[in-house]
Chemist: 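Here it is, the structure in full.
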Amino acid sequence: MKTMEEIVNYCKENGFLFPGSQIYGGLANAWDYGPLGIELKKNIQEAWWKKFVQEHEENYGLDAAILMNPNVWVASGHVGGFSDPLMDCKDCKTRHRADHLIEEQAKVNPAGWSFEKMEKFIKDNGIKCPNCGSTNFSEIKEFQLMFKTQQGVVSGEGSEIYLRPETAQGIFVNFKNVVRSMRAKLPMGIAQVGKAFRNEITPGNFIFRTREFEQMELEFFCNPCEANKWYEYWKETCMNWLLFYGINKDYVVFRDHEPTELSHYSSGTADIEFKFPFGQSELWGIANRTDYDLNAHMKVSKEDLTYHDPITNEKYVPYVIEPSLGLNRMLLAFICNALVNIEDRGDVLMIHPDLAPIKICILPLQKQQIDFAHDVYKKIANKFVCSFETSGNIGKRYKRQDLIGTPYCVTIDFDSLEDNMVTIRDRNTTEQIRISIDELENYFEDKFNF
Ligand code: GAP
């Protein structure tokens, strides 16, 4: 696998990602998606939607607002719970989570301790800064991970609201709407893709951890007695989806959360971790959220969110199994996984054809073929994302398409104007075949799933 530095340079040089607000010196850990990055991101999203919504008759899509009633976050436990006890090392100026240092260095779980108790423990037990070894810490401060903003145009007036830190809550508050309007029966899933925002303390590793990111989440509502079965089912489905889209099976592993690291809502979580160049880290979290969220919203909103099974007449608060994936993190994993060096060819992005940013590149060999080549482009561009490449010799042009992962090149060769046929070059095999222009669309329709 390439190093992280090579991956970042690759993405910047080839139009996948650019530093955010670059002409103003950038904004720390903000990244903009370039022409190829947005195509890749859209394709990953579509591949996910196809598997987790379209192919499951019991699943539905949703697009909830980012801005929600602040009580949503009180009920969900994010106000109050979604904050970290932080302290600074006064010598090397690095910031640390006090509870993590206690746990790592003293093997004691400080869950539920007051800040005073943690500070005393740190002093009495010689807890050290992991960066410089100093014990000279500031006092512990609470760090709120949710972004706050103001609703209302007059500064200082109006109400304080939050940017959502997860898309899941938009789904929970619409559970009843979806069941009623779609006449849905359980088990049933609601999926959505959207932005989430977190004031992360340690953003970094390129797009791995940023403050603004996108999640693809499914909340699968089921009878509590079937929750374990569905938990296993969705774990397997997630892993199979990754393998189907070409993730190397040696790069991904399941890791069960220890009881001390479980989120406040979870009775069990398994992460699929990916072996990124900087180390093995969480890619996809699959959690059994139990009935925590629906119960919490019932309590605060006073709305009845119990489900009445029309067949068994049973009434219950559903359990929820949640596979939650970061779209940006997934994109990074796909690039790390697919960018390989092949002898005599150089770097090739061996990405699944469905995910490739550009599906087909049209290459006229001679200037006088350009109009003909434009006609070929128009013929297929309404079905497939195409590009047009005229500069450089053909070898260089193939190399450039290999580098960005284009699965097929259509070359307008020396005989094309005579016989109305073109050469198709396959990225994976480099094999070339000639086919009639009239067969192009059918030929490519077989090559892509969407
Ligand atoms: N609704 C559950 C939830 O939000 P999470 O483990 O905090 O759980 C789920 O996040 C997924 O979202 C992670 O597995 C990761 O892929 C992605 N994610 C979380 N924080 C992120 C961040 N700061 N930057 C990029 N992706 C992030």
Side-chain angles (χ1 to χ4, degrees), residues 17 20 28-31 33 37 41 44-45 48 52 62 64 66 68 72-73 75-78 81-84 143 145-147 162-173 175 189-221 231 234-235 238-239 241-242 247 252-258 261-274 276 278 280-290 292-294 296-297 320-334 336:
L17 282 135
N29 302 294
W31 295 92
Y33 285 76
K41 190 147 71 83
I44 296 171
Q45 183 178 327
W48 180 86
F52 288 85
L62 182 80
I66 289 176
M68 302 180 77
V72 169
W73 307 110
S76 69
H78 286 85
F82 207 54
S83 59
D84 289 337
F143 191 86
L145 288 178
M146 279 201 292
F147 274 92
Y162 300 97
L163 301 186
R164 66 180 178 201
E166 61 171 3
T167 61
Q169 298 303 326
I171 295 178
F172 295 128
V173 301
F175 167 67
I190 307 177
Q192 81 168 326
V193 181
K195 292 255 177 178
F197 303 83
R198 291 180 194 175
N199 236 330
E200 295 283 3
I201 306 145
T202 50
N205 282 325
F206 194 29
I207 52 169
F208 176 80
R209 183 172 287 111
T210 49
R211 297 195 168 102
E212 172 182 347
F213 57 100
E214 276 167 272
Q215 290 186 312
M216 304 194 288
E217 299 200 288
L218 171 71
E219 308 301 324
F220 193 78
F221 301 86
Y231 179 61
W234 287 111
K235 272 172 60 179
C238 294
M239 183 58 93
W241 184 85
L242 292 172
I247 292 289
V252 274
V253 277
F254 275 115
R255 191 185 68 81
D256 288 324
H257 279 209
E258 297 294 331
E261 27 161 2
L262 288 176
S263 304
H264 57 279
Y265 50 72
S266 171
S267 74
T269 298
D271 285 341
I272 298 180
E273 295 191 333
F274 181 82
F276 289 99
F278 52 83
Q280 184 174 311
S281 251
E282 175 184 350
L283 174 65
W284 206 331
I286 299 106
N288 179 349
R289 290 185 79 128
T290 66
Y292 177 90
D293 300 271
L294 290 182
H297 287 302
V320 175
I321 307 303
E322 175 197 67
S324 173
L325 175 62
L327 176 50
N328 322 74
R329 212 172 265 193
M330 191 64 251
L331 183 144
L332 178 61
F334 273 126
C336 294

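Ligands are counted one by one from 1 in listed order, and the atoms in each one are counted from 1 as well.
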Chemist: Could you see which bit of E217 sits under 4.0 Å from ligand 1, with heavy atoms only: side chain, backbone, both or neither?
Modeler: side chain
Chemist: Going by the atom numbers of ligand 1, which of them fall below 4.0 Å from some non-hydrogen atom of G285?
Modeler: 14 (O)
Chemist: Output the list of atoms in ligand 1 that are nearer than 4.0 Å to some heavy atom of E166, sorted by atom number.
Modeler: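 Near E166, the atoms of ligand 1 are 1 (N), 2 (C), 3 (C), 4 (O).
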Chemist: What atoms of ligand 1 come within less than 4.0 Å of a heavy atom belonging to E322?
Modeler: 1 (N), 2 (C)
Chemist: In terms of ring plane angle, is the pair F276 and F274 parallel, tilted or perpendicular, where the classes change at 30° and 60°?
Modeler: perpendicular
Chemist: Are the side chain of R198 and the backbone N or O of P165 linked by a donor-acceptor pair below 3.5 Å?
Modeler: yes
Chemist: I'd like to check whether L283 has a polar contact with ligand 1, where a contact means an N/O of the residue lying under 3.5 Å from an N/O of the ligand.
Modeler: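 L283 vs ligand 1: N/O contact under 3.5 Å present.
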Chemist: Of all the heavy-atom pairs spanning H297 and A75, show the shortest one and how long it is.
Modeler: ND1-CB, 3.6 Å
Chemist: If we set the cut-off at 4.0 Å for heavy atoms, which region of R209 has an atom near ligand 1: side chain, backbone, both, or neither?
Modeler: both
Chemist: Counting each atom of ligand 1 from 1 as listed, which ones have a heavy atom of R289 under 4.0 Å away?
Modeler: 1 (N), 2 (C)
Chemist: Taking it one step at a time, do I44 and M216 satisfy side chain to side chain contact (heavy atoms under 4.5 Å, CB included)?
Modeler: CA-CA 10 Å; I44 296 171; M216 304 194 288; 4.0 Å; yes
Chemist: Ignoring hydrogens, what is the shortest heavy-atom contact between T202 and R209? Give both atom names and the distance.
Modeler: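 Looking at all heavy atoms of both residues, the closest pair is O-CD, 3.4 Å.
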Chemist: Counting from 1, what ligand 1 atoms have a heavy atom of E200 closer than 4.0 Å?
Modeler: 20 (N), 22 (C), 23 (N)
Chemist: What class does the angle between the rings of W73 and H78 fall in, given that below 30° is parallel, 30 to 60° is tilted and above 60° is perpendicular?
Modeler: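 Perpendicular, since the angle between the ring planes exceeds 60°.
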Chemist: Which atom names give the shortest non-hydrogen contact between A196 and Q215, and what distance separates them?
Modeler: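 Nearest heavy atoms, A196 then Q215: CB-OE1, 3.9 Å.
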Chemist: Below 4.0 angstrom from a heavy atom of T210, which ligand 1 atoms are there? Numbered from 1 as shown, please.
Modeler: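 Per the distance check, 22 (C), 23 (N), 24 (N).
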Chemist: Run the numbers for me: atoms of ligand 1, each under 4.0 Å from some heavy atom of F208, listed by number.
Modeler: 24 (N), 25 (C), 26 (N)
Chemist: Looking only at heavy atoms, is any part of F274 under 4.0 Å from ligand 1, and if so is it the side chain, the backbone, or both, or is it neither?
Modeler: neither
Chemist: Would you check the N or O atoms of L325, main chain and side chain alike, for any that come under 3.5 Å of an N or O of ligand 1?
Modeler: no
Chemist: By the definition ring pair (Phe, Tyr, Trp, His ring centres under 6.0 Å), identify the one residue from F254, W48, W234, F52 that meets it with W284.
Modeler: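 Single ring pair (Phe, Tyr, Trp, His ring centres under 6.0 Å) partner of W284 among F254, W48, W234, F52: F52.
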Chemist: For atom 10 (O) of ligand 1, tell me which residue out of M330, H257, Q215 has the closest non-hydrogen atom.
Modeler: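 Looking at heavy atoms only, the winner is Q215.
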Chemist: Can you name the residues that form a salt bridge (Lys or Arg N to Asp or Glu O under 4.0 Å) with R289, not counting sequence neighbours?
Modeler: E166, D293, E322
